[in-house]
Amino acid sequence: CNLAFFVAAMAVAKAGEKIVLPAPWYFNHRTILDMLGIGTVPLPCRAEDGFVPDVERIAAAIDAKTRAVVLVSPNNPCGAVYPAEAIRAVFELCRARGIFLILDETYRDFLPAGLDRAHGLYAIPGWQGTLIDLYSFSKAYCVPGYRLGAIAAGSATITEIGKVLDNAQICAPRVGQVALSQAIGRTGAWRAANRAMINARADAFRQAVATAPGWRIDSIGAYFAYLAHPFEGVTGVAVAERLARRRGVLALPGAYFGPGQEKHLRFAFANADEAALAMLGERLKGLEMG
């Protein structure tokens, strides 16, 4: 899906043009745009809104050079899951302005039961002219080393993306594609069980943090949680370093994910079992920043 974003960005924008990127952002999205000379228009998202982008603020950020708006749901880094109506509103805005919505759904398979249909954009007539939908098989099928993803878009857009991809990868590796074509129809029960396990770990993470005074989960979903730390006047970088060195807990500082994120840290809970997560509360409680 990282490569999918790279080629999608190149297909819709050129150096000197702009793409709106909600913050906190997935840092590879920002670095890709920087390398391509495409301007990043930061769209700060607020904890009090669940880090869901506001469509009116997106509208205000779009100008004549804007070529796309990016949404990542469930979000990396903060785990926020955007309501279907919010995604639809941004899609309609992009369609009205004649630009693309690039929707990254790498973690959509880990949405809790009842939320597993994230949006209904494919049911909208003419969606092909506005939407570029990105997906990764690596997470849901537990095959990260094979680097397999997918892009869904209209045929005209796919033609342009194909031109870009031909200069980046020439042709995708066939072995992984053949294996996945068989796995999609045969691993439904296993993937459902895997999703339930990840959601159980999210619950265990919530319970552990609830025992640590001052720490607050501002957003959680799929693989990630975004926590506000309790130390006034201390950077997230300093908190993350002390947390790793003194308490054996690895988290990434919010500043890695865009402006205005110093109060937060990103925790990835999906690969920690519930026994390990149960120790988190005590480790957070024992952290001192004196």
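Both backbone and side-chain heavy atoms feed into the values below; hydrogens, waters and symmetry mates do not.
Salt-bridge check for Arg88 with Glu85: failed, with every basic side-chain N at 4.0 Å or more from each acidic carboxylate O. The pair Lys163-Asp166 does not count as a salt bridge, with every side-chain nitrogen at least 4.0 angstrom from each carboxylate oxygen. Look at Glu17 and Lys65 and you find no salt bridge, because none of the NZ, NE, NH1 or NH2 atoms lies under 4.0 Å from a carboxylate O. At a threshold of 4.0 Å, the pair Arg247-Glu288 does not count as salt-bridged, since none of the basic side-chain nitrogens sits closer than that to a carboxylate oxygen.
Between His29 and Val70, the shortest heavy-atom distance links the atoms ND1-CG1, 4.2 Å. Among all heavy-atom pairs drawn from Lys285 and Thr211, the shortest one is CD-O, 3.0 Å. Across Ala204 and Glu274, no two heavy atoms sit closer than the pair CB-CG, 4.1 Å. The two atoms that bring Phe137 and Val143 nearest to each other are O-CG2, 3.9 Å, heavy atoms only. Closest of all the heavy-atom pairs between Pro24 and Cys45 is CD-O, 4.4 Å. Listed here is the closest heavy atom pair of Ser73 and Ala80: OG-O, 4.2 Å.
The only option from Thr106, Asp104, Asp109 that meets the side-chain hydrogen bond (donor to acceptor under 3.5 Å, both in side chains) definition with Tyr135 turns out to be Asp109.
Side-chain N/O atoms of Asn2 and Arg147 include no donor and acceptor closer than 3.5 Å. Under the 3.5 Å distance criterion, with hydrogens and angles disregarded, a donor-acceptor pair is assigned to the side chains of Tyr122 and Asp133. Side-chain contact, Glu105 with His119: a donor N or O sits under 3.5 Å from an acceptor N or O. A donor-acceptor contact under 3.5 angstrom links the side chains of Gln261 and Tyr226, judged on distance only.
For Glu48, the CD atom sits in a packed shell: over 12 heavy atoms of surrounding residues, nucleotides or ligands are nearer than 6.0 Å. More than 12 heavy atoms of other residues, nucleotides or ligands lie within 6.0 Å of CZ in Phe231, so this atom counts as buried by the packing criterion.
Residues passing the side chain to side chain contact (heavy atoms under 4.5 Å, CB included) test with Thr31, sequence neighbours excluded: Asn28. In this view, Phe110 and Tyr223 satisfy the ring pair (Phe, Tyr, Trp, His ring centres under 6.0 Å) rule, not counting sequence neighbours. Applying the side chain to side chain contact (heavy atoms under 4.5 Å, CB included) criterion to Asp218, with sequence neighbours excluded, gives Ala47, Phe51, Arg216, Ala228, His264. Partners of Arg245 under the side chain to side chain contact (heavy atoms under 4.5 Å, CB included) rule, at least two apart in sequence or in another chain, are Glu241. Under the rule for a ring pair (Phe, Tyr, Trp, His ring centres under 6.0 Å), the partners of Phe224 that lie at least two apart in sequence or sit in another chain are Tyr107.
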Worked verdict on Leu287 versus Val239 for side-chain contact (heavy atoms from CB on, under 4.5 Å): CA-CA 9 Å; Leu287 181 67; Val239 175; 4.1 Å; yes

Intermediate values then yes/no, side chain to side chain donor-acceptor pair (under 3.5 Å), Arg201 and Asn271: CA-CA 9 Å; Arg201 290 177 178 181; Asn271 290 325; 5.0 Å; no

Run Tyr141 and Tyr146 through side-chain contact (heavy atoms from CB on, under 4.5 Å) and show every step you take. CA-CA 10 Å; Tyr141 292 80; Tyr146 285 92; over 6 Å; no

Please determine whether side-chain contact (heavy atoms from CB on, under 4.5 Å) holds for the pair Arg108 and Lys139, giving the CA-CA distance in whole Å, both sets of side-chain angles, and the decisive distance to 0.1 Å. CA-CA 10 Å; Arg108 72 179 185 189; Lys139 301 296 189 295; over 6 Å; no

Start with the C-alpha gap between Ile124 and Glu92, add the side-chain angles, then the distance that decides, and say whether side-chain contact (heavy atoms from CB on, under 4.5 Å) holds. CA-CA 10 Å; Ile124 300 172; Glu92 296 291 1; 4.3 Å; yes

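Residues Val69 and Leu93 have side chains not in contact (no heavy-atom distance under 4.5 Å, counting atoms from C-beta outward). Under the 4.5 Å side-chain criterion, counting only non-hydrogen atoms from C-beta, Ile102 is not in contact with Leu71. Residues Phe5 and Leu134 meet the side-chain proximity criterion, which asks for heavy atoms closer than 4.5 Å. Contact of the Ile151 side chain with the Ile161 side chain is registered, since non-hydrogen atoms from C-beta on lie closer than 4.5 Å. Using a 4.5 Å cut-off on side-chain heavy atoms (C-beta onward), Asp49 and Asp54 make no contact. Between Asn75 and Val81 there is no side-chain heavy-atom pair separated by less than 4.5 Å. Looking at Lys14 and Ile38, their side chains never come closer than 4.5 Å, going by heavy atoms from C-beta outward. The closest side-chain heavy-atom distance from Ile220 to Phe269 is below 4.5 Å.
Taken together through direct or relayed side-chain contacts under 4.5 Å among Ile, Leu, Val, Met, Phe, Trp and Tyr, Ile19 and Val41 form parts of separate hydrophobic clusters. In terms of hydrophobic clustering, with Ile, Leu, Val, Met, Phe, Trp and Tyr side chains grouped at heavy-atom distances under 4.5 Å, Leu3 and Phe100 are assigned to a common cluster. No continuous path of hydrophobic side-chain contacts links Val90 to Val72 [ILVMFWY only; heavy atoms under 4.5 Å]. Side-chain heavy atoms closer than 4.5 Å link hydrophobic residues (I, L, V, M, F, W, Y) into clusters, and following such links, possibly through other members, connects Leu36 to Val12. Leu111 and Met197 sit in two unconnected hydrophobic clusters of ILVMFWY residues. Membership requires side-chain heavy atoms under 4.5 Å apart, directly or through other members.
Summarising the geometry, atom OG1 belonging to Thr235 is positioned 7.0 Å from atom CE belonging to Met289; distances are rounded to the nearest 0.5 Å. Of the inter-residue distances, the one linking Leu121 atom CG with Leu103 atom CG reads 6.5 Å to the nearest 0.5 angstrom. If you take CZ on Phe27 and CG on Asn76, they are separated by 7.0 Å, rounding to the nearest 0.5 Å. Atom CZ in Arg174 sits 8.0 Å away from atom OG in Ser181 (nearest 0.5 Å). Residue Ile217 holds its CD1 atom at 5.0 Å from CG of Leu227, rounded to the nearest 0.5 Å. With rounding to the nearest 0.5 Å, the separation of CG in Leu265 from CZ in Phe267 is 5.5 Å.
Side chain of Arg283 to backbone of Gly248: a donor-acceptor contact under 3.5 angstrom is found. Distance alone, capped at 3.5 Å, places no donor-acceptor pair between the Thr187 side chain and the Trp190 backbone. The main-chain N or O of Ala68 is never found under 3.5 Å from a side-chain atom of Thr66 such that the two would form a donor-acceptor pair. At distances below 3.5 Å, at least one donor-acceptor pair connects side-chain atoms of Thr159 with backbone N or O atoms of Ser155. Lys263 places a side-chain N or O within donor-acceptor distance of the main-chain N or O of His229, the cut-off being under 3.5 Å. Here the side chain of Asn199 pairs a donor or acceptor atom with the backbone of Arg195 at under 3.5 angstrom.
Listed by first and then second residue, the ring-ring contact (aromatic ring centres under 6.0 Å, His included) pairs involving residues 58-84 amount to none (not counting sequence neighbours).
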